[in-house]
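Comments concern the structure below.
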Amino acid sequence: MNFEGLDYLAIRRLIFQRKASCRQLTNHYLSQIDAAKKFNAFISVLKKYALTSAELLDQRLQKSDAGPLAGLVIAVKDNINFRDSLSTCGSKILANYVSPYNATVIEKLLNADAIVIGKTNMDEFGMGSSGENSFFGPVKNPLDPNRAAGGSSAGSAVAVAASLSTAALGSDTGGSIRQPAAFCGVVGLKPTYGRVSRFGLVAFASSLEEIGPITKSVADAAAILEVIAGHDTKDATSARQPVKNYSDIIRARSRKIRIGLPREYFVAEVTPEIKTAILEVVKKLEQQGAEVEWISLPHTEFAIAAYYIIAAAEASSNLARYDGVRYGFRSDGSQDIEQMYLNSRSDGFGEEVKRRILLGTFVLSSGYYENYYRRAQKVRHLIHLDFKAAFQQCDCLIAPTVPTTAFFLGEKIRDPLQMYLSDVFTVPANLAGIPAMSVPCGTDSNGLPIGLQIMADHFNEETLLQTGNAVESIVKQCKLH
Ligand code: GLN
């Protein structure tokens, strides 16, 4: 059986028609993972666990007793806790940390009969845009191994792009699902803040991040979102919002949609090929009946600065818990406890994480708080208001996900500012808490994938997925893909 290139819905059909078994499928991915070691997508592969789960599920499928995600073999970013397995967050400080519990998203996936195949490589604690900031080595882009896969959910995007799993989970604090999805040519969805429980997600910047799916198709993203979304008493920030049946919604004919094109996202820094590819798809949407208008999100240029202050501030507080005592790595040979804290943190954290902790501590310190942290929060509010005004005029916004296609490994790693600028179009959605998705939109002249980003108002994943579905059909029809 050849599963190559199939999305979950196609695989599910094969499984339910008994043309393939979950065991065959899992074995297929395990051998793919073996053959694709050079991409460094996985930190741990749960071979025995995945095969046992597949066999048990095959028995239940015989009795037609299987959950809504049967036949989904999923890779999980290594900052999402999965009981009795490593959750390293790509860091030396957690290199030996075995989680004693499951994240809520994992519980939900397992209850729906998904099979977890492994934990994926990532920028340390989610800090990075290239997949190079991992203690376990850089992740490589399967379309060109000299290029970055994006970050921080690098391994998850690679797992899906190289067909090492049916789909993956990532987390997105400032673009970490959408940016690697764009670089690797797959779909990446960041739900509304509070839509999916963060219980069991190792915290980086708690007010910005969300867990979401990385998939081969928009329909797959819908199928996973409807299972993992919903209120959770274990996460005080999770919303009491009804979860719709997104799979049905995207199958229904979409109503006439009003699309906004934010001027500030089509600026000179965006490569002409990306602009052209996106505007071509928008033109087709217009021909199919969408209303299109240019709008303005005037505070966009301040988003990166605000994000890197707020995210660093929250990180400096969240990462204080790694003290060499409670979790993971402890440096040997210290004279006293102060020295032990210092040595464990100095040896255990990588360069980028230390930079963020220093920056975050600085912007929160007395005398600087007003000038930096508070001001960044004000900018955050203005960005939120920009979006609210835009969604008075239109149902969703379409823009590039990233200003460029995948850059070379090593190209930006010594220049943090350049690296941060890769997130210029993804961080606004996190600052505002709105849902956003990257959908493949053809390739550039180097054959590298282009990502088209769709953003919608809070809890309007429905419009996001419907529009994404329409974009996907256009891209397929026009062979832009
Ligand atoms: N690249 C951004 C950062 O380094 C976003 C990371 C993320 O979304 N986790 O902070």
Side-chain angles (χ1 to χ4, degrees), residues 76-80 89-91 120-134 138-139 148-157 168-184 188-191 193 196 198 201-214 303-319 349-360 363 376 380 401-404 406-407 411-413 415-438 451 453:
V76 175
K77 188 174 181 180
D78 213 23
N79 59 352
I80 298 172
C89 294
S91 182
T120 57
N121 203 352
M122 56 182 281
D123 287 298
E124 187 176 1
F125 285 103
M127 299 175 195
S129 314
S130 68
E132 293 169 288
N133 291 339
S134 169
V139 180
S152 64
S153 311
S156 287
L169 283 188
S171 66
D172 191 311
T173 313
S176 281
I177 289 176
R178 291 161 286 156
Q179 194 254 19
F183 277 14
C184 294
L189 167 64
K190 179 202 95 70
Y193 184 76
V196 174
R198 286 182 297 110
L201 169 71
V202 179
F204 154 22
S206 316
S207 80
L208 297 159
E209 55 212 6
E210 265 301 291
I211 298 172
I214 298 180
I304 277 281
Y307 168 82
Y308 275 93
I309 288 172
I310 295 168
E314 293 185 21
S316 71
S317 161
N318 273 328
L319 271 59
F349 288 134
E351 202 177 311
E352 180 62 25
V353 174
K354 285 188 222 172
R355 182 178 297 121
R356 306 271 181 121
I357 294 174
L358 288 173
L359 181 65
V363 300
R380 181 178 193 172
T401 309
V402 200
T404 66
F407 46 81
E411 193 179 323
K412 297 183 198 271
I413 195 76
D415 188 348
L417 203 60
Q418 280 307 314
M419 189 70 91
Y420 298 169
L421 285 172
S422 188
D423 307 328
V424 61
F425 298 146
T426 47
V427 298
N430 300 79
L431 289 167
I434 58 169
M437 175 164 68
S438 183
Q453 183 174 210

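For reference, positions follow the sequence shown, starting with 1. Both ligands and their constituent atoms are indexed starting at 1 by order of listing.
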Which atoms from ligand 1 have a heavy atom of Thr173 less than 4.0 Å away? 7 (C), 8 (O), 9 (N)
Short N/O distance, under 3.5 Å, between Asp172 and ligand 1? no
I need the atoms of ligand 1 closer than 4.0 Å to a non-hydrogen atom of Gly174, numbered in the order shown. 5 (C), 7 (C), 8 (O)
Distance to 0.1 Å, residue and atom name: give those for the protein heavy atom nearest to atom 5 (C) of ligand 1. Tyr307 OH, 3.3 Å
Counting heavy atoms only, which part of Ser176 comes closer than 4.0 Å to ligand 1: side chain, backbone, both or neither? both
Would you say Met419 contacts ligand 1, with heavy atoms under 4.0 Å as the rule? no
Quick test of your reading of the model: are Glu351 and Lys354 salt-bridged, counting only N-O distances below 4.0 Å? no
Could you tell me whether Asp423 approaches ligand 1 through its side chain, its backbone, both or neither, with non-hydrogen atoms closer than 4.0 Å? side chain
Gly126, any N or O under 3.5 Å of ligand 1 N or O: yes
Within the 4.0 Å heavy-atom cut-off, what Arg356 brings close to ligand 1 is side chain
Contacting atoms of ligand 1, where contact means under 4.0 angstrom from a heavy atom of Met127: 4 (O)
If the contact criterion is a heavy-atom separation under 4.0 Å, does Gly151 count as touching ligand 1? no
Check the angle between the aromatic planes of Tyr420 and Tyr308 and answer parallel, tilted or perpendicular using the 30° and 60° thresholds. parallel
For ligand 1, is Ala311 a contact, meaning one of its heavy atoms is under 4.0 Å away? no
Per-residue contact class, Phe204 against ligand 1 - non-hydrogen pairs under 4.0 Å: side chain
